[in-house]
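Report on the following structure.
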2 protein chains.
Amino acid sequence: MDLFEQGLENEWLRQLGERGSRLTGPRRAIVRVLVRSRRALEPLELFDAVRVEAPGVGLVTVYRTLEALEELGLVQRIHESGGCRRYLRAPQGHQHVLLCLRCGQAELFDGDDLRPLFARVAARWGYQIEEHWLQLFGLCPECQKASA
Amino acid sequence: MDLFEQGLENEWLRQLGERGSRLTGPRRAIVRVLVRSRRALEPLELFDAVRVEAPGVGLVTVYRTLEALEELGLVQRIHESGGCRRYLRAPQGHQHVLLCLRCGQAELFDGDDLRPLFARVAARWGYQIEEHWLQLFGLCPECQKASA
DNA sequence: TTGGTATTGATAATGATTTTCATTATCAAT
DNA sequence: ATTGATAATGAAAATCATTATCAATACCAA
Ligand SMILES: [Mn+2]
Ligand SMILES: [Mn+2]
Ligand SMILES: [Zn+2]
Ligand SMILES: [Zn+2]
């Protein structure tokens, strides 16, 4: 078992509890899968994965748990040209997503400094910039080999 | 009448024709509204705006025309935290969107040079970067006044 | 002007997400 | 441990945006 993911799982459950949510079987199972996934998952994919270990869980509970985790900022919706219904572990701190176009694997990176750009744009248009989205798409090392 | 928008309207119709599409009344009306909008519009909003001048047009035709214009790259879907169903005139060349969080007004800016960042990320993760999304959100000058 | 056909709008179908509601499970207070 | 208030659950139904169907119409090349 991965120690980092184990810790993350406990932390998510703790935050759910903090918020007043009961720590139920279905929630534990859903959190367990989400924390460990390297890919962004659609509700139905998540549902299928959860049911492998917790067969009784309903799709509706998957939707409800995703909503709760999104409110807590533990999970984020991923936007893609093909659709925007997949969810991924949210980054900690200032990070952005790098997605593999072929297999969907996700990585988080940081180190972008866009402040000079924001300043120019703000000056040009008179906007007060509040937020920015940056997302990179490409081919992961495995998929590069596969398509070579 | 705005000359730039007039020209853009003609250009869109030309490209639709080029592609083998007939230049019908409904299409002309839809293009006219889209070309002139400073905001990204949902299909239903677009439908309502079109029906002011062309009352007979159906919602289905709005969807079909949006699809055609998106294929031609003349229109793009805008992604927001609240939903991803609005469409906006696509940028020409390398530009990105700046959106007002309050009124939805959209501006296009360029001048971002993220190549150094891409190079670092590519090296760090072994990805071959193919594409990037950058979007800024803020308050336009009018909305800043309104909320002051 | 005309004929072949792309386009249209009304309608029905679809599919993802939400709502409803009776039943069950959690957990703080005994 | 037991209890009991109530949060959470899953099945089923409802909703809502989008897509498919289809007979009638409008476009446009000839
Ligand atoms: Mn950033
Ligand atoms: Mn760019
Ligand atoms: Zn890959
Ligand atoms: Zn504004």
Side-chain angles (χ1 to χ4, degrees), chain A residues 10 12-34 40-72 75-87, chain B residues 10 12-34 40-72 75-87:
Chain A
N10 291 334
W12 285 23
L13 293 174
R14 196 191 62 70
Q15 288 199 38
L16 278 170
E18 189 96 343
R19 167 188 188 266
S21 295
R22 292 178 181 174
L23 271 30
T24 66
R27 280 185 182 149
R28 288 174 192 276
I30 292 167
V31 163
R32 160 170 284 262
V33 171
L34 271 175
L41 299 174
E42 298 190 3
L44 203 57
E45 289 180 294
L46 176 55
F47 173 69
D48 289 337
V50 166
R51 282 175 75 100
V52 171
E53 313 218 346
V57 175
L59 178 55
V60 181
T61 298
V62 169
Y63 276 101
R64 289 191 279 230
T65 304
L66 281 173
E67 188 182 7
L69 292 173
E70 194 177 24
E71 278 173 22
L72 286 171
V75 135
Q76 68 179 144
R77 183 191 289 268
I78 296 297
H79 301 260
E80 298 169 90
S81 58
C84 306
R85 47 176 63 92
R86 295 162 63 200
Y87 287 85
Chain B
N10 291 335
W12 285 24
L13 294 174
R14 196 190 63 69
Q15 288 198 38
L16 278 169
E18 190 95 340
R19 169 187 186 267
S21 295
R22 292 179 180 173
L23 271 31
T24 66
R27 281 184 181 150
R28 289 174 192 275
I30 293 166
V31 163
R32 160 170 284 263
V33 171
L34 271 176
L41 299 175
E42 297 190 4
L44 203 58
E45 289 180 295
L46 177 54
F47 173 68
D48 288 337
V50 165
R51 282 175 76 101
V52 172
E53 313 219 345
V57 174
L59 177 56
V60 180
T61 298
V62 169
Y63 276 102
R64 288 191 282 231
T65 305
L66 280 173
E67 187 183 9
L69 293 173
E70 194 176 24
E71 277 173 23
L72 286 171
V75 134
Q76 66 179 146
R77 184 190 288 267
I78 295 298
H79 301 260
E80 297 168 89
S81 59
C84 306
R85 46 176 65 91
R86 296 163 62 199
Y87 288 86

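Labels below follow one simple rule: chain letters A, B, ... track the order of the sequence lines, proteins then strands, and each chain is numbered from 1.
Minimum interatomic distance between B/C84 and A/H79 (heavy atoms only, all atoms of both residues): SG-ND1, 3.2 Å.
Note on B/L23: only backbone sugar-phosphate atoms sit closer than 4.0 angstrom, heavy atoms only; bases stay farther off.
Formation of a donor-acceptor pair under 3.5 Å by the A/R85 side chain with backbone atoms of A/P43 is not found in this model. Of the possible donor and acceptor atoms, none in the side chain of A/R27 sits under 3.5 Å from a partner among the backbone N and O of A/T65.
Side-chain to base pairing of A/R64 with D/dG10: one donor and one acceptor N or O lie within less than 3.5 Å of each other.
Rounded to whole angstrom, the span from the CG atom of B/D48 across to the P atom of D/dA17 amounts to 12 Å. Regarding B/R86, its CZ atom lies at a distance of 15 Å from the P atom of D/dA17, rounded to whole Å. Rounded to whole Å, atom P of C/dA25 lies 15 Å from atom CZ of A/R28. To the nearest angstrom, C1' of C/dA6 lies 15 Å from CD of B/E67. Summarising the geometry, the separation between CG on A/L16 and C1' on C/dA25 is reported as 16 Å, rounded to the nearest angstrom. Here the P atom of nucleotide C/dA16 and the CZ atom of A/R77 are 14 Å apart, to the nearest Å. Distance B/R85 CZ to C/dT17 C1': 11 Å, rounded to the nearest Å. Distance B/I30 CD1 to C/dG9 C1': 12 Å, rounded to the nearest Å.
Base pairing of C/dC27: its partner is D/dG4, meeting the Watson-Crick or G-U wobble criterion (both donor-acceptor distances under 3.5 Å). Using the Watson-Crick or G-U wobble rule with both distances under 3.5 Å, C/dT14 pairs with D/dA17. In a base pair of the Watson-Crick type (N1 to N3 plus N6-O4 or O6-N4) or a G-U wobble (N1-O2 and O6-N3), with each distance short of 3.5 Å, C/dT19 is matched with D/dA12.
The side chain of B/T24 contributes an N or O atom lying less than 4.0 Å from OP1 or OP2 of C/dT8. Remark: B/R27 is in phosphate contact with C/dT7, judged by side-chain N or O atoms under 4.0 Å from OP1 or OP2. Between A/R22 and D/dT9 there is no side-chain N or O to OP1 or OP2 distance below 4.0 Å.
B/R19 and B/S21 form a side-chain donor-acceptor contact under 3.5 Å, judged by distance and modelled atom types alone.
Side-chain contact between A/L44 and A/V62 is absent, with no heavy-atom pair separated by less than 4.5 Å.
Of the candidate nucleotides D/dA17, C/dT17, C/dG9, D/dA17 has the atom lying nearest to any side-chain atom of B/Y63. Closest to the side chain of B/L59, out of D/dT18, C/dT7, C/dG9, is D/dT18.
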